[in-house]
Amino acid sequence: MLLIQVLGLQSSYDASTLGGMTALRGEERRMMTVECITALFSEVDEQLRTIPKHPEAHLWPSEVVTLGLLHALKGVGNRPFYRWLTRDYRPLFPHLPERTRLFRLFKTHHDWTQAFLAAPTVLGVIDTYGIELIHPMREGRSPQQVGRKGLSNHRWIVGGKLCLLLNQWGLIVGWACATANAADNTFQWLIQQVDGRMIVLSDTGFHAAEGDPSNLKVCPRGEWQDRMLVETVLSMLTLVCHLKKVMHRGWAYFQARLAFTMAAFNVLVQWHGLQPYASGFVPLSIAELSL
């Protein structure tokens, strides 16, 4: 019985009418997603139009990257993503390959996402982010285990560590990954790549006893609050892309997932352009594009 009937209220809507309205709203959401996917493909194709299609390939490079970005944005496992894609949006990708073949394409061509990385600015920030691959209780049960045990946010995880280098607008300039037991200062090479172009702010974990890059500014706790920009970015990766825990069992597939997630963030956060406030602060958001 409907709640309005329980309360003794009069209404002209019966159950079938409300069911039709729910179906209509669902169809409207689907149409909005179709428009979003179409616009995303257009943006990707604009960046990758110079990459030729292999004569025997079923998908164009722009289609492969668009599908990889959708997987990153959806933030679910391989099988749920493929079910969602084939159930609701198969007409948009008529030459969609079988599931395992599709994810092999992601693994093989994730280097195409380099085209979506941002340019360095004078000031930047770097930080790391732990990603759980398996529960710590399952550590060592499989000889094929790719993650390692390490600390992330004051708790143990078994998985990998993502290192992000951001420019002053919060866009991703570069990234790298290692197992979760790697020290933050092992990513100093990422800072050295932008030496002479960017001064990089970091926490004390990036300091190395052997010496630091000349463009690294190590900031003690409580100083240079500009570094909090990276926390905003990591929060969006956690809540929208569900990146804190993924289910990949091969390191190459894990790297591909990260590559497409970094590209997806840069594309989506600029969906409406970067619009700074009068104070110069640039708000970042991708929540409205969540799938």
Side-chain angles (χ1 to χ4, degrees), residues 68 71-72 75 103 106-114 116-118 120 124-136 138-167 171-195 198 200-213 215-216 218-219 227 230-231 233-238 241-266:
H71 181 224
F103 285 95
F106 292 167
K107 178 188 71 170
T108 303
H109 300 297
H110 72 268
D111 57 314
W112 287 341
T113 61
Q114 294 288 324
F116 300 94
L117 294 179
V125 60
I126 195 169
D127 206 351
T128 57
Y129 176 80
I131 301 174
E132 188 173 0
L133 292 171
I134 60 173
H135 193 280
R138 299 185 62 84
E139 183 189 17
R141 294 189 183 184
S142 171
Q144 285 81 38
Q145 175 185 315
V146 294
R148 294 293 181 267
K149 180 180 283 188
L151 278 173
S152 174
N153 299 110
H154 308 289
R155 61 179 290 267
W156 290 104
I157 65 168
V158 176
K161 178 178 286 189
L162 168 67
C163 182
L164 289 177
L165 177 61
L166 309 179
N167 64 18
L171 301 177
I172 298 169
V173 175
W175 65 276
C177 65
T179 52
N181 60 340
D184 287 357
N185 57 27
T186 59
F187 297 106
Q188 283 194 352
W189 62 267
L190 200 58
I191 304 171
Q192 293 168 349
Q193 286 187 339
V194 293
D195 192 9
M198 177 185 282
V200 181
L201 307 179
S202 78
D203 58 29
T204 55
F206 284 86
H207 170 68
E210 298 80 12
D212 298 327
N215 60 325
L216 173 63
V218 178
C219 307
R227 291 189 299 112
V230 74
E231 299 300 333
V233 173
L234 296 180
S235 176
M236 287 186 277
L237 294 179
T238 299
C241 299
H242 309 290
L243 193 61
K244 198 60 180 175
K245 182 174 182 179
V246 298
M247 304 299 292
H248 300 288
R249 296 295 179 259
W251 191 256
Y253 289 94
F254 176 61
Q255 287 179 308
R257 174 69 171 271
L258 296 180
F260 283 107
T261 303
M262 302 301 99
F265 177 84
N266 274 0

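We count residues from 1, following the sequence as given.
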Going through the checks in order, is the side chain to side chain contact (heavy atoms under 4.5 Å, CB included) test met by Y129 and V230? CA-CA 10 Å; Y129 176 80; V230 74; over 6 Å; no

Assess whether side chain to side chain contact (heavy atoms under 4.5 Å, CB included) is satisfied between L165 and M198, documenting all intermediate values. CA-CA 10 Å; L165 177 61; M198 177 185 282; 4.0 Å; yes

After noting the C-alpha distance and the side-chain angles of E132 and S152, does the key distance pass the side chain to side chain contact (heavy atoms under 4.5 Å, CB included) rule? CA-CA 9 Å; E132 188 173 0; S152 174; over 6 Å; no

Start with the C-alpha gap between Q193 and L190, add the side-chain angles, then the distance that decides, and say whether side chain to side chain contact (heavy atoms under 4.5 Å, CB included) holds. CA-CA 5 Å; Q193 286 187 339; L190 200 58; 3.9 Å; yes

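Closest approach of D111 to T108, counting heavy atoms only: OD1-O, 3.6 Å. A118 and L171 get closest at one heavy-atom pair: CB-CB, 3.5 Å. Considering all non-hydrogen atoms of both residues, W251 and C177 come closest at CZ2-SG, 3.9 Å. Here the closest non-hydrogen pair linking A178 and F187 is CB-CZ, 3.8 Å. Closest of all the heavy-atom pairs between D203 and V218 is O-CG1, 3.8 Å. What you find for L234 and T128 is that their closest heavy atoms are CD1-O, 4.1 Å.
The shortest distance between side-chain heavy atoms of V158 and Q145 falls below 4.5 Å. C163 is listed as a side-chain neighbour of F206, based on a closest heavy-atom distance under 4.5 Å. With a 4.5 Å cut-off on side-chain heavy atoms, P213 and D195 do not count as touching. Proximity of P120 to N167: side-chain heavy atoms (C-beta onward) are nowhere separated by under 4.5 Å.
Between the CG atom of N153 and the OG1 atom of T238 there is a distance of 8.0 Å, given to the nearest 0.5 Å. The CD1 atom of I172 lies 10.0 Å from the OG1 atom of T113; values are rounded to the nearest 0.5 Å. Here CD1 of I157 is found 11.0 Å from NZ of K245. Values are rounded to the nearest 0.5 Å. Atom CZ of F254 and atom CG of L162 lie 7.0 Å apart (nearest 0.5 Å). Taking OG of S202 as the start and NE2 of H207 as the end, the distance is 10.0 Å to the nearest 0.5 Å. Once rounded to the nearest 0.5 Å, the distance linking CG of D127 with CG of D184 reads 7.0 Å.
Under the 3.5 Å distance criterion, the side-chain polar atoms of K149 are left unmatched by any main-chain donor or acceptor of E139. Within the 3.5 Å criterion, the main-chain N or O of L133 finds a donor-acceptor partner in the side chain of R249.
A parallel orientation is assigned to the rings of H71 and F106, their planes being inclined by less than 30° (bins at 30° and 60°).
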